[in-house]
Novice: 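Shown below is the structure under consideration.
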Amino acid sequence: MFTINPFSVLAETVPSILIQGFVVLMVLLIITGTLLDIIHKKNVKYFFENAKKAKKNATKELSTGERIAVVSKTIAYDIGTTSELGAGKRRVAHVLGMYGTILFWVGSVVMIFGYSSANAETPTIWPMIWHIGALMTILGGSWFWFFLRVDVYSEAQPWYRIIKADLFVLALIATSLTGFIWSYLQSLNLEGRWDANLFLVLFIVSNLVLFGGVYWSKFAHMFYKPGAAIQKNLAEADGSRDNLPPPADAPEQFGLGIKREKPKHY
Ligand code: HEM
């Protein structure tokens with residue numbers, strides 16, 4: 001199963017152009033959802049106005065080399081390891097889900113556009129990347145959703161309480177889980193048995209929910225967060241500090257209260 005390209009098996013019954021058309025539709029849904037979100041929240045407009053205002057407070061003009069160094073460090077460390085989430089389970093779960101999703105999506109695109117015709121020979125590395133990516137996303141996403149999400153972890157809500165904010169993480173887990181089960185059932189050569197078809201339908205529906213729900217879900221944070229991290233680090237390097245005052249020149253004394261409990265209230 002881990003070495004079989006599920007899309008080339010599918011292409012024996014469904015024209016590969018249709019499968020490829022579905023991926024193109026998903027990309028169009030991401031673009032439309034994100035643009036609508038940007039228009040509705042006006043967050044990008046605020047972001048650029050704030051950056052322009054902050055530039056006036058810069059104490060240092062950064063050279064191109066310095067800017068490249070700041071951006072590269074931000075990509076490799078802040079974005080690549082989700083440093084914003086600090087040390088601990090939250091960050092490990094996120095990194096697992098994030099890289100799992102990237103592997104799953106890259107594997108999907110390569111196998112669908114490169115090797116989905118019925119007689120194509122898929123190098124085994126691609127189905128392996130796809131299946132491992134699915135497992136990592138299921139693991140990271142479920143760990144986050146069952147144990148770490150704020151309303152369960154900090155607000156003592158029961159794990160089965162579902163709200164609109166869960167749309168993204170649940171749809172993400174659903175795409176990987178239904179895709180993985182569909183691939184498994186298909187690898188058993190069940191001759192189009194109902195359960196293999198059912199999981200194919202569930203895989204399609206969960207993709208439509210994930211990509212069609214961009215406007216309502218947290219999907220677009222994967223574009224906003226990197227932009228904000230780069231801006232924050234550039235603002236630190238050029239001394240503008242996002243229009244914030246400099247740190248106080250005094251020892252950090254918060255009293256003993258702060259040591260009483262680990263911070264977990266957001
Ligand atoms: C393929 C890319 C990514 C995927 C699949 C992904 C996935 C997720 C998921 C499933 C959640 C939980 C959402 C929820 O609150 O229900 C989340 C939250 C979060 N993500 Fe991402 N993410 C991606 C990229 C990024 C990047 C690039 C950053 C930062 C640079 C980032 C920072 C965060 C933060 C700060 C949270 C909030 C976590 C919390 O509430 O504890 N994510 N992400």
Side-chain angles (χ1 to χ4, degrees), residues 23 26-27 29-31 33-34 37 43-44 47 70-110 129-130 132-180 206-207 209-236 242 262-266:
V23 177
M26 296 305 104
V27 173
L29 285 175
I30 298 176
I31 296 171
T34 308
D37 192 46
N43 52 357
V44 173
F47 179 82
V70 171
V71 173
S72 314
K73 190 206 139 268
T74 312
I75 294 172
Y77 180 67
D78 299 52
I79 302 171
T81 71
T82 336
S83 66
E84 181 183 339
L85 291 174
K89 295 181 257 181
R90 195 166 285 278
R91 185 165 172 193
V92 179
H94 188 272
V95 165
L96 205 60
M98 179 170 83
Y99 284 107
T101 303
I102 293 170
L103 293 180
F104 188 66
W105 286 347
V106 171
S108 303
V109 169
V110 170
I129 283 179
W130 190 82
I132 290 168
L135 286 179
M136 284 167 65
T137 310
I138 297 165
L139 210 70
S142 310
W143 186 8
F144 179 84
W145 195 73
F146 283 109
F147 303 108
L148 304 177
R149 86 196 126 113
V150 170
D151 39 355
V152 172
Y153 185 79
S154 300
E155 293 164 15
Q157 296 286 355
W159 66 267
Y160 49 80
R161 175 176 170 266
I162 296 176
I163 55 170
K164 196 177 125 198
D166 298 318
L167 177 64
F168 175 54
V169 60
L170 288 182
L172 200 65
I173 298 170
T175 49
S176 308
L177 188 63
T178 53
F180 190 84
S206 50
N207 272 292
V209 172
L210 176 66
F211 296 111
V214 171
Y215 178 67
W216 297 275
S217 78
K218 298 180 185 173
F219 190 106
H221 87 283
M222 65 179 75
F223 311 125
Y224 301 146
K225 288 278 181 189
I230 290 171
Q231 160 63 19
K232 177 176 159 272
N233 287 349
L234 283 175
E236 232 153 65
D242 268 334
K262 278 184 94 171
K264 62 168 192 149
H265 304 284
Y266 303 95

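What you see below is based on every heavy atom in this structure, not just the backbone, and it leaves out hydrogens, waters and symmetry mates. Predicted model, so just to flag it, every value in this text is computed and none were measured. When a ligand or atom number is given, it counts from 1 through the structure's own listing order.
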Novice: With backbone taken as N, CA, C and O and side chain as the heavy atoms from C-beta onward, which portion of F168 lies under 4.0 Å from ligand 1: side chain, backbone, both, or neither?
Specialist: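 Only the side chain of F168 comes within reach of ligand 1.
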
Novice: Does ligand 1 have a heavy atom under 4.0 Å from the side chain of A165, from its backbone, from both, or from neither?
Specialist: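 Backbone only; the side chain of A165 stays clear of ligand 1.
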
Novice: Is there a side-chain contact between Y215 and T34, using heavy atoms and a 4.5 Å cut-off?
Specialist: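 A side-chain contact under 4.5 Å is absent here.
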
Novice: Checking a contact table here: which protein heavy atom is nearest atom 5 (C) of ligand 1, and how many Å away?
Specialist: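 The protein heavy atom lying closest is T101 OG1, 3.5 Å.
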
Novice: Has the side chain of S154 got a donor or acceptor atom that lies under 3.5 Å from a matching backbone atom of D151?
Specialist: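 Answer holds: no.
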
Novice: Among all protein heavy atoms, pick out the one at the shortest distance from atom 15 (O) of ligand 1; state its residue, atom name and that distance to 0.1 Å.
Specialist: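 Atom 15 (O) of ligand 1 sits closest to the protein heavy atom K218 NZ, 2.6 Å.
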
Novice: When you measure from atom 30 (C) of ligand 1 to every protein heavy atom, which one gives the shortest distance, and what is it?
Specialist: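 Going by distance alone, atom 30 (C) of ligand 1 is nearest to K225 CB, 3.7 Å.
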
Novice: To check your reading of the model: name the closest protein heavy atom to atom 35 (C) of ligand 1, its residue, and the distance in Å.
Specialist: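 Checked against all protein heavy atoms, atom 35 (C) of ligand 1 sits closest to E84 OE2, 3.4 Å.
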
Novice: Measure the distances from the heavy atoms of L85 to every atom of ligand 1 and state whether one is below 4.0 angstrom.
Specialist: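 Within the 4.0 Å threshold, so yes.
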
Novice: Going by the order shown, which atoms of ligand 1 are within less than 4.0 Å of some heavy atom of T82?
Specialist: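 It comes down to these atoms of ligand 1: 31 (C), 32 (C).
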
Novice: Looking at ligand 1, does H221 have a heavy atom less than 4.0 Å from it?
Specialist: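 It does; at least one heavy atom falls under 4.0 Å.
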
Novice: Just checking, is any N or O donor in the side chain of Y224 or D37 under 3.5 Å from an acceptor N or O on the other one?
Specialist: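 Checked: Y224/D37 side chains pair up, N/O donor to acceptor below 3.5 Å.
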
Novice: Would you kindly specify which portion of L148 sits under 4.0 Å from ligand 1, judged on non-hydrogen atoms: side chain, backbone, both or neither?
Specialist: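 None of L148 does.
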
Novice: I need the single residue from Y160, Y153, W159 that forms a ring pair (Phe, Tyr, Trp, His ring centres under 6.0 Å) with F146. Which is it?
Specialist: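 Result for ring pair (Phe, Tyr, Trp, His ring centres under 6.0 Å) with F146: W159.
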
Novice: Can you tell me which residue and heavy atom of the protein come closest to atom 12 (C) of ligand 1, and the distance to 0.1 Å?
Specialist: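 Looking at atom 12 (C) of ligand 1, the protein heavy atom closest to it is F144 CE2, 3.3 Å.
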
Novice: Which residue and atom name correspond to the protein heavy atom nearest atom 24 (C) of ligand 1, and how close is it?
Specialist: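 Going by distance alone, atom 24 (C) of ligand 1 is nearest to M98 SD, 3.5 Å.
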
Novice: Identify which of R90, M222, H94, R91 has a heavy atom lying nearest to atom 11 (C) of ligand 1.
Specialist: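 Heavy atom nearest to atom 11 (C) of ligand 1 belongs to H94.
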
Novice: Any non-hydrogen atom of G141 lying under 4.0 Å from ligand 1?
Specialist: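 No, G141 has no heavy atom closer than 4.0 Å to ligand 1.
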
Novice: Parallel, tilted or perpendicular: which fits the ring planes of W105 and F219, with parallel below 30° and perpendicular above 60°?
Specialist: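 It falls in the parallel class, under 30°.
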
Novice: Which heavy atom in N207 sits nearest to a heavy atom in M26, and how many Å separate them?
Specialist: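 Of all heavy-atom pairs spanning N207 and M26, the closest is O-SD, 3.8 Å.
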
